[in-house]
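The next block holds one structure in the form of structure tokens; read it before the comments.
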Amino acid sequence: MSTNEKIHSGHRQRLKKRFLEEGLDHFDDHQVLELLLFYCIPRQDTNPIAHALLEHFGSLAQVMEATPAELQKIEGMGESSAAFLALLNAFCRYYFVRRTSSGVSLNTIEQCGTYLIPFFYGRRNETVYLLCLDAKCKLLCCKEVGEGSVNSAAVPIRRIVEMALGANATSVVLAHNHPSGMAIPSDEDQLTTRKLAVALSAVDIELVDHLVVADDDYVSMRQSHFYHPDECRITV
């Protein structure tokens with residue numbers, strides 16, 4: 001082992017030991033990345049790579065949300081290391097979703113919002129989810145409808161109605177994210193919500209609410225008076 005390799009080995013051991021004793025609370029962002037990259041880049045100084053990643057993407061969060069193809073543009077990042085970081089981002093979303101999914105009842109808008117936020121963790125594209133509930137507000141399923149705005153051709157109202165019927169839902173909550181970070185419903189969001197509510201009402205399913213998610217927060221279109229279920233209900 002060369003002198004340079006011995007220095008890197010000692011640094012790795014010290015950083016790992018520090019993590020095991022202290023956790024990550026007092027680590028700098030570049031040190032967190034260094035530590036992660038130890039496990040996919042075994043014989044190389046990962047400090048310059050960590051700094052290059054942060055300089056290119058701007059923050060640790062943006063590094064973790066980058067695609068494998070984008071990550072591989074950074075010198076020192078190969079296919080395996082790029083896949084590893086992308087996997088961590090996907091795993092975190094998977095973990096937070098599964099953590100709150102077991103036998104849950106969602107009786108309030110707040111409970112629905114808390115449940116849905118993890119589904120959008122690390123999402124860079126606008127994504128739509130449909131939360132399906134039974135008559136007692138017990139969770140039946142939460143399904144990804146598709147990527148794209150709720151009024152786009154990629155997310156047709158007919159598909160959402162079919163998904164709700166397939167789940168045997170009594171009521172549903174629609175949710176989509178604004179990756180820009182502004183959880184403000186657009187005019188198109190409001191119009192599509194009313195159209196969807198009418199279509200669901202025709203098959204005796206209530207659209208309880210439509211949540212617009214940004215980062216770790218959301219706006220309820222119902223609570224914010226952008227959407228009124230009674231105005232969209234079909235009566236016979």
Side-chain angles (χ1 to χ4, degrees), residues 8 11-12 14-16 18-20 22-100 113-129 142 144-152 154-155 175-186 188-189 211-219:
H8 292 161
H11 175 65
R12 287 179 179 232
R14 288 191 296 272
L15 209 58
K16 289 176 183 178
R18 181 182 165 195
F19 163 67
L20 292 173
E22 303 176 10
L24 290 176
D25 290 346
H26 302 294
F27 274 53
D28 293 327
D29 286 355
H30 76 274
Q31 293 172 322
V32 174
L33 276 175
E34 273 191 84
L35 184 61
L36 291 175
L37 292 172
F38 288 168
Y39 297 95
C40 50
I41 304 177
R43 294 183 180 85
Q44 188 176 345
D45 182 6
T46 60
N47 181 279
I49 303 173
H51 280 287
L53 285 165
L54 289 170
E55 184 178 349
H56 180 81
F57 291 103
S59 70
L60 180 60
Q62 289 175 303
V63 171
M64 299 307 297
E65 293 171 9
T67 65
E70 290 171 334
L71 291 169
Q72 287 183 71
K73 294 178 182 178
I74 305 303
E75 185 176 355
M77 289 293 294
E79 182 178 355
S80 295
S81 52
F84 179 72
L85 293 186
L87 172 62
L88 284 177
N89 182 51
F91 171 78
C92 287
R93 181 169 59 247
Y94 182 90
Y95 163 72
F96 283 117
V97 167
R98 293 302 183 276
R99 185 183 183 189
T100 57
T114 299
Y115 176 82
L116 281 161
I117 283 176
F119 284 83
F120 299 98
Y121 176 88
R123 295 281 187 183
R124 301 181 66 199
N125 298 322
E126 198 162 320
T127 309
V128 184
Y129 278 93
C142 186
E144 181 179 333
V145 178
E147 289 191 352
S149 63
V150 292
N151 58 302
S152 73
V155 189
H176 80 283
N177 63 322
H178 282 179
S180 63
M182 297 292 289
I184 301 174
S186 66
E188 291 80 7
D189 290 340
L211 307 183
V212 182
V213 178
D215 296 326
D216 295 325
D217 198 10
Y218 67 90
V219 167

Inset, instruction - Please list, chain by chain and in numerical order, all residues satisfying side chain to side chain donor-acceptor pair (under 3.5 Å) with H30, sequence neighbours excluded. - result: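 Scan of H30 (side chain to side chain donor-acceptor pair (under 3.5 Å), adjacent residues dropped) gives none.
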
Legend entry - Counterpart residues, side chain to side chain donor-acceptor pair (under 3.5 Å), relative to N125 (two or more places apart):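 N125: side chain to side chain donor-acceptor pair (under 3.5 Å) contacts with E147.
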
Can you tell me how far [atom2] of [Y] sits from [atom1] of [X], rounded to the nearest 0.5 angstrom?
{"X": "I49", "Y": "L36", "atom1": "CD1", "atom2": "CG", "value": "12.5 Å"}
{"X": "D45", "Y": "R12", "atom1": "CG", "atom2": "CZ", "value": "8.0 Å"}
{"X": "Q31", "Y": "T46", "atom1": "CD", "atom2": "OG1", "value": "10.5 Å"}
{"X": "L37", "Y": "F84", "atom1": "CG", "atom2": "CZ", "value": "8.0 Å"}
{"X": "Y94", "Y": "L87", "atom1": "OH", "atom2": "CG", "value": "12.0 Å"}
{"X": "F91", "Y": "Y121", "atom1": "CZ", "atom2": "OH", "value": "10.5 Å"}

Inset, instruction - Identify the heavy atoms of H178 and A183 that sit nearest to each other, and give their distance. - result: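 In terms of heavy atoms, the two residues are closest at ND1-CA, 4.3 Å.
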
Are side-chain heavy atoms of [X] and [Y] found at a separation under 4.5 Å?
{"X": "V212", "Y": "Y218", "value": "no"}
{"X": "H176", "Y": "V145", "value": "no"}
{"X": "C142", "Y": "Y115", "value": "yes"}
{"X": "V213", "Y": "V219", "value": "no"}

Inset, instruction - Show your working on side chain to side chain contact (heavy atoms under 4.5 Å, CB included) between R18 and F27 and close with a plain yes or no. - result: CA-CA 9 Å; R18 181 182 165 195; F27 274 53; 3.5 Å; yes

Inset, instruction - Any chance you could lay out the side chain to side chain contact (heavy atoms under 4.5 Å, CB included) test for K16 and Y39, step after step, and finish with the verdict? - result: CA-CA 11 Å; K16 289 176 183 178; Y39 297 95; 3.8 Å; yes

Legend entry - ring-ring contact (aromatic ring centres under 6.0 Å, His included) partners for F120, two or more places apart: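 Partners of F120 by the ring-ring contact (aromatic ring centres under 6.0 Å, His included) criterion, ordered by chain and then number, come out as Y129.
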
Legend entry - Contacts of P179 that satisfy side-chain contact (heavy atoms from CB on, under 4.5 Å) - sequence neighbours left out: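 P179: side-chain contact (heavy atoms from CB on, under 4.5 Å) contacts with E126, N177.
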
Residues 71-83 side chain polar contacts: donor-acceptor under 3.5 Å, at least two apart:
residue	atom	partner	partner atom	Å
S81	OG	G78	N	2.9
S81	OG	G78	O	3.1

Could you pull out all donor-acceptor pairs under 3.5 Å where a side-chain atom in residues 53-66 meets a protein atom, sequence neighbours excluded?
residue	atom	partner	partner atom	Å
S59	OG	Q62	N	3.1
S59	OG	Q62	OE1	3.3

Inset, instruction - Quick one: do E70 and R124 satisfy salt bridge (charged side-chain N to carboxylate O under 4.0 Å, His left out)? Show the steps, please. - result: CA-CA 13 Å; E70 290 171 334; R124 301 181 66 199; 2.6 Å; yes

